[in-house]
There are 2 protein chains.
Amino acid sequence: MGSEAIKRSLEEIGLRCTPQRYAVMAFLMGCKEHPTAAEIFDAVNRVDSRSSRATTYNNLRDLVQAGLVREVAVEGRAARFDAKGMRHHHFICDRCGHVEDVKWYTVRKPASLSLGKRVLRECEVIFRGLCSKCARRRADR
Amino acid sequence: MGSEAIKRSLEEIGLRCTPQRYAVMAFLMGCKEHPTAAEIFDAVNRVDSRSSRATTYNNLRDLVQAGLVREVAVEGRAARFDAKGMRHHHFICDRCGHVEDVKWYTVRKPASLSLGKRVLRECEVIFRGLCSKCARRRADR
DNA sequence: TCTTATATTAGATATATTCAAATATCTTCA
DNA sequence: TGAAGATATTTGAATATATCTAATATAAGA
């Protein structure tokens, strides 16, 4: 997505394309990791120190709410974020908390499974275990 | 599980059966909700004011590590806990953050799906949407 | 260019969680 | 039983994470 495309997608959802908001979006889109809010704040300000912590949080909240960004909660650690591009599932490392993408596949909800009066919006799989780095470290010892 | 059973399962994993730890475990087992650490602290102390916040957190950490309790991270909210009885998946309400159990079924990892050098330990499905209470409220308006 | 709704900022505050050191309690075995 | 040593708990303070406030600035349409 080019810079114009980011601008357009922000405007489509009724958010102004401010430099700070644009920077968050552009960073997330160019980032294969799943950074925390603090990491996003640092990265954006490393390039051009013009954003505050509160703005970073505000923008992340708005972008998540608008559906452009996904927030992944991780047990005992800060939340992580990624731009919603291709749909995907997540792998979370039990040891270091790292979040990685797992290629999307459709999860079929078994016909027998009742969700009652709940409204289902989404259905994702969380894989847990050791990321390749932690798996290697463990094998070394 | 009776009180003896709790005692035994704690000792099996090398944790002493202290009043505080027992209280956390017993409360979680008798609780259909998925309480936060703060709610667990309150509930345990409502009965018998003998535990501190730090102890509650310490015990939860130990119980999670030992595999008797599951921690569920929820976006933008405090973590929630439940005793691992029957295996189950989770439904998280996007609106109120409520966590509910969903009947367990085995998730087949597609043969085509490579997790690379990662070590897979667990695979759970997170359903997201509106819980029945929030769905009703929304329909009312 | 002007206007105005929206966004940003710094710092204060709230909430969630962990840490460190002192104290208490178990367990073992003499 | 009763020391001694190991383990657990408590407490208050520290840290991490996230949100709020109110003053100020700015994007974008008229």
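Note that these values count all heavy atoms, side chains included, but never hydrogens, waters or copies made by symmetry.
Regarding A:L10, its CG atom lies at a distance of 10 Å from the P atom of C:dA7, rounded to whole Å. One interatomic measurement links the two molecules: CD1 of A:I40 to P of D:dT17, which rounds to 13 Å at whole-angstrom precision. Rounded to whole angstrom, the span from the CZ atom of B:R53 across to the C1' atom of C:dT15 amounts to 10 Å. Per the geometry, OH belonging to B:Y22 stands 16 Å off P belonging to C:dC26, to the nearest Å. Across the protein-nucleic acid pair, A:R50 atom CZ and C:dA10 atom C1' stand 17 Å apart, rounded to whole Å. For the pair B:Q20 CD and C:dA24 C1', the computed distance is 11 Å after rounding to whole Å.
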- line: Under a 4.0 Å heavy-atom criterion, the protein footprint on nucleotides 22-29 of chain D, written with B, S and -, is ----BBS-
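Side-chain atoms of A:M25 and A:L63, non-hydrogen and from C-beta on, do get closer than 4.5 Å to each other.
Note that A:R118 lies in the cation-pi zone of B:F91, set by a 6.0 Å cut-off to the ring centre and a 45° limit from the axis.
Judged as a ring pair (Phe, Tyr, Trp, His ring centres under 6.0 Å), the pairs with a partner in residues 98-130 of chain B (not counting sequence neighbours) are, in order, B:H89-B:W104, B:H89-B:Y105.
Five base pairs at each end of the helix from C:dT1-D:dA30 to C:dA30-D:dT1 define two local axes, and these are offset by 30° (rounded to 10°).
Using a 4.0 Å heavy-atom distance criterion, B:A38 is classed as making no nucleic acid contact. Nucleic acid contact for A:S51: sugar-phosphate only, since backbone atoms but no base atoms lie under 4.0 Å from a heavy atom of the residue.
Residue B:I126 belongs to a hydrophobic cluster whose other members are A:V72, A:V74, A:I92, A:V99, A:I126, B:V72, B:V74, B:I92, B:V99, with links defined by side-chain heavy atoms closer than 4.5 Å. Hydrophobic cluster membership for A:F41: none, as no Ile, Leu, Val, Met, Phe, Trp or Tyr side chain comes under 4.5 Å of it.
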query: Should B:K84 and B:E71 be marked as a salt bridge (charged side-chain N to carboxylate O under 4.0 Å, His left out) after you check the CA-CA gap, both sets of side-chain angles, and the distance that decides it?
result: CA-CA 10 Å; B:K84 273 193 193 171; B:E71 178 175 357; over 6 Å; no
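Remark: side-chain polar atoms of B:R77 are paired, donor with acceptor, to backbone N or O of B:C96 under 3.5 angstrom.
For C:dA7, one of the phosphate oxygens OP1 or OP2 lies less than 4.0 angstrom from a side-chain nitrogen or oxygen of A:R21.
Near DNA chain D, defined here as any heavy-atom distance below 4.0 Å, the residues from residues 54-67 of chain A are A:A54, A:Y57, listed numerically.
For the atom pair NE2 (A:H90) and NE2 (A:H34), the distance works out to 3.5 Å, reported to the nearest 0.5 Å. Note that OG1 of A:T18 and CZ of A:R21 are 5.0 Å apart. Values are rounded to the nearest 0.5 Å.
Grouping the Ile, Leu, Val, Met, Phe, Trp and Tyr side chains by contacts below 4.5 angstrom, directly or via other members, places A:L60 with A:M29. In this structure, A:V107 is a member of the same hydrophobic cluster as A:L115, with clusters built from ILVMFWY side-chain heavy atoms closer than 4.5 Å.
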